[in-house]
Protein chains: 2
Amino acid sequence: MAKALPQTAGSPWPTAEDRDRVRLRKKEAVLSAAVRLFNSKGFNATSLDDVAEALQVTKPTIYHYFANKDEILFECVRRGLCSINDAAARVAAQGGSGADRLRALMTDYAKVMTQDFGMCVTRTADSELSAESRSQFRALKRQIDLTVRRVVEEGVKDGSLHTADARLATFTMTGALNWIGRWYDPEGEMSAEAVAAGIVSTLMNGLAATGKAA
Amino acid sequence: MAKALPQTAGSPWPTAEDRDRVRLRKKEAVLSAAVRLFNSKGFNATSLDDVAEALQVTKPTIYHYFANKDEILFECVRRGLCSINDAAARVAAQGGSGADRLRALMTDYAKVMTQDFGMCVTRTADSELSAESRSQFRALKRQIDLTVRRVVEEGVKDGSLHTADARLATFTMTGALNWIGRWYDPEGEMSAEAVAAGIVSTLMNGLAATGKAA
DNA sequence: GTACGATTTTACTCATGAGTATAGAGGTTA
DNA sequence: TAACCTCTATACTCATGAGTAAAATCGTAC
């Protein structure tokens with residue numbers, strides 16, 4: 001199997017850093033193959049032999065990069081959640097009205113949900129993770145929820161948003177966004193941007209034609 | 001184990017119908033125990049020994065009422081989906097503007113999602129069902145989606161609703177509603193009615209304070 | 001060339017849980 | 001009384017898949 005050539009010009013002999021880089025790439029390849037299989041067949045229905053086969057290696061090779069199956073799944077969902085978290089933190093810090101920030105946040109959130117690791121978050125049930133991973137998983141989700149909710153509350157305070165119950169409104173929103181990971185098909189006609197724009201528009205403006213009806 | 005007494009007064013000896021009724025009640029008990037365990041621990045993490053234990057019987061007893069584990073899961077999701085379908089069909093047929101009908105539909109949909117079989121629908125991934133059950137599962141979901149979408153389209157036509165893309169708006173809506181099944185806690189503070197009312201209001205009116213902003 | 005460390009393979013172990021064979025208990029029908 | 005049906009339990013089979021032990025390969029370091 002061809003080894004990645006050193007990036008630094010000159011010597012064809014790989015340095016220690018080159019070897020580390022190759023190791024990381026292989027780890028990434030495992031994650032990438034795993035998340036795709038998890039998303040399409042489900043975590044439980046995917047054996048590590050399946051993942052190994054997709055990579056043209058054998059199962060023990062995978063165990064050379066990860067301690068166990070749970071660690072692989074957790075790393076997948078952790079990445080998805082961190083992407084959302086980054087978007088939320090970025091937006092929470094920036095300027096603009098609450099409505100502006102919420103719109104930006106939802107748009108980024110939606111885009112993450114169209115990607116492999118984002119989809120994995122929605123498709124993974126708490127029960128599939130080990131006890132330790134599960135508690136971290138929940139903590140990350142809670143943190144995202146709180147950040148989003150704070151943006152909503154600030155929007156209500158500055159008058160750009162309106163809702164009777166910020167917590168429930170946040171669940172409504174994140175529900176619609178999380179659900180993307182259940183139906184979105186990257187091979188389909190709609191681009192991630194179009195999906196994000198449409199959903200954000202519906203969530204911000206509502207379905208009622210009159211705007212603020214009862 | 002005490003056998004249910006005959007409902008028809010008089011003779012204490014059970015008739016054939018009494019026996020059928022008892023059998024049905026036992027089948028129901030299996031389903032009820034199973035759906036609760038599936039919802040709390042996940043389908044894969046729940047063994048039929050667990051279900052049997054919850055009912056104080058042994059596994060072969062369960063197999064006397066159901067052919068296999070898949071049949072049990074499918075019956076659970078089928079019931080959830082049929083409840084939604086019934087609500088959708090009922091509302092689609094009734095009078096009122098598209099907005100009125102959509103509001104009623106969403107409210108019923110939300111309530112189903114707070115109940116055992118409804119929650120099971122959201123918590124069950126396609127991959128957990130057998131090939132045959134999966135295709136029926138998908139067909140039922142598709143039918144619901146189409147019914148809901150039709151109501152949206154009629155609302156747009158009669159001017160009571162507004163959206164650029166009825167399909168995407170339907171996904172936004174059903175996503176928010178389906179998500180209830182992931183977070184709602186029947187033991188919690190919020191009643192199913194309050195949750196339904198809040199989510200429907202947010203979906204109809206949007207989060208933006210100005211109503212019809214960009 | 002020898003030793004070493006990282007990588008990958010072959011060839012296992014072992015727990016779990018779905019599903020079954022079979023027998024027994026209890027009541028019903030002929 | 002005997003044949004029978006329904007229901008339930010005991011005591012299995014068997015496939016699957018996570019995880020591992022141990023050896024082979026290969027490049028690098030001394």
Side-chain angles (χ1 to χ4, degrees), chain A residues 1-6 11-30 33-34 37-38 41-74 127-131 133, chain B residues 1-6 11-30 33-34 37-38 41-74 127-131 133:
Chain A
M1 197 156 280
K3 189 174 282 185
L5 289 181
S11 169
W13 283 274
T15 65
E17 291 92 57
D18 287 328
R19 261 175 272 127
D20 282 358
R21 211 171 295 131
V22 169
R23 186 174 214 290
L24 267 187
R25 286 165 71 109
K26 290 188 181 172
K27 231 184 142 167
E28 290 298 313
V30 171
L37 285 168
F38 292 165
K41 302 173 50 171
F43 175 72
N44 276 293
T46 301
S47 72
L48 288 190
D49 282 316
D50 292 336
V51 177
E53 194 187 348
L55 292 165
Q56 311 258 41
V57 294
T58 58
K59 190 167 50 169
T61 299
I62 293 179
Y63 278 93
H64 189 254
Y65 294 93
F66 293 94
N68 50 48
K69 202 184 175 189
D70 175 69
E71 186 178 304
I72 297 176
L73 177 60
F74 180 66
S127 60
E128 291 172 319
L129 290 159
S130 68
S133 301
Chain B
M1 198 157 279
K3 189 174 283 186
L5 288 181
S11 168
W13 283 275
T15 65
E17 291 92 60
D18 288 328
R19 261 176 272 126
D20 282 358
R21 211 171 296 131
V22 169
R23 190 186 158 77
L24 265 187
R25 286 165 69 109
K26 291 188 182 171
K27 230 184 141 166
E28 290 298 314
V30 172
L37 284 168
F38 292 165
K41 302 173 50 172
F43 175 71
N44 277 292
T46 302
S47 72
L48 288 189
D49 282 315
D50 292 335
V51 177
E53 194 186 348
L55 292 165
Q56 311 258 42
V57 294
T58 57
K59 191 167 51 170
T61 299
I62 292 179
Y63 278 93
H64 189 253
Y65 294 94
F66 292 92
N68 50 48
K69 201 185 175 190
D70 176 68
E71 187 178 302
I72 298 177
L73 177 61
F74 180 67
S127 60
E128 291 172 318
L129 290 158
S130 69
S133 301

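Order of the sequence lines sets the chain letters (A, B, ...), proteins ahead of strands, with each chain counted from 1.
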Q: For Phe66(B), report the nucleic acid contact type (base, sugar-phosphate, nothing); a contact means any heavy atom under 4.0 Å.
A: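 The residue Phe66(B) makes no contact with any strand.
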
Q: When you measure from the side chain of Asp70(B) to the backbone N and O of Ser130(B), does any donor-acceptor pair fall under 3.5 Å?
A: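 Flag set: sc Asp70(B) to bb Ser130(B) pair under 3.5 Å.
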
Q: Are the side chains of His64(A) and Arg23(A) in touch, meaning some heavy atoms are under 4.5 Å apart?
A: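 His64(A) vs Arg23(A): side chains touch.
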
Q: Are any non-hydrogen side-chain atoms of Ile72(B) and Leu48(B) less than 4.5 angstrom apart?
A: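 Yes, close enough: below the 4.5 Å cut-off.
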
Q: Please give, in whole Å, the distance from dT6(D) P to Tyr65(B) OH?
A: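 Going from Tyr65(B) (OH) to dT6(D) (P), I get 11 Å.
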
Q: How many whole angstroms separate atom NZ of Lys26(B) from atom P of dC7(D)?
A: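 Interatomic distance, NZ of Lys26(B) to P of dC7(D): 7 Å.
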
Q: Quickly work out the Leu48(A) CG to dA18(D) P distance and round it to whole Å.
A: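 It is 5 Å, rounded to the nearest whole Å.
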
Q: Between Ile62(A) (CD1) and dT7(C) (C1'), how many Å, whole number?
A: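 Taking CD1 of Ile62(A) and C1' of dT7(C), I get 14 Å after rounding.
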
Q: Distance check, rounded to the nearest 0.5 Å: Phe66(A) atom CZ versus Lys27(A) atom NZ?
A: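 NZ of Lys27(A) is found 5.0 Å from CZ of Phe66(A).
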
Q: Round to the nearest Å and state the distance from His64(A) atom NE2 to dT20(D) atom P.
A: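 In whole Å, dT20(D) P and His64(A) NE2 are 14 Å from each other.
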
Q: Which nucleotide wins on minimum distance to the side chain of Pro60(B), given the candidates dA9(D), dA18(C), dG19(D)?
A: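 Among dA9(D), dA18(C), dG19(D), the one nearest the side chain of Pro60(B) is dA9(D).
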
Q: Once you apply a heavy-atom cut-off of 4.0 Å, does Thr61(A) come out as touching a base, just sugar-phosphate, or nothing?
A: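 Since a base atom lies under 4.0 Å of Thr61(A), the category is base.
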
Q: OP1, OP2 of dC7(D) versus side-chain N and O of Arg23(B): anything below 4.0 Å?
A: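 Arg23(B) to dC7(D) OP1/OP2: side-chain N or O found under 4.0 Å.
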
Q: Has the side chain of Lys59(B) got a donor or acceptor atom that lies under 3.5 Å from a matching backbone atom of Ser47(B)?
A: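 Here the side-chain-to-backbone pair does not exist.
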
Q: Just the rounded figure in Å: distance from C1' of dA18(D) to CD of Glu128(A).
A: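 Going from Glu128(A) (CD) to dA18(D) (C1'), I get 16 Å.
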
Q: Take atom OH of Tyr63(B) and atom P of dT20(C), then tell me their distance rounded to the nearest Å.
A: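 Computing the Tyr63(B):OH to dT20(C):P distance gives 7 Å.
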
Q: With heavy atoms under 4.0 Å as the rule, sort Ser47(B) into base, sugar-phosphate or nothing.
A: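 Contact class for Ser47(B): sugar-phosphate only.
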
Q: Side-chain donor or acceptor of Lys59(B) under 3.5 Å from a matching atom on the base of dG19(C)?
A: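 Per atom types, the contact qualifies.
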
Q: Rounded to the nearest Å, what distance is computed from the CG atom of residue Asn44(A) to the C1' atom of nucleotide dA18(D)?
A: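 Going from CG in Asn44(A) over to C1' in dA18(D) covers 12 Å.
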
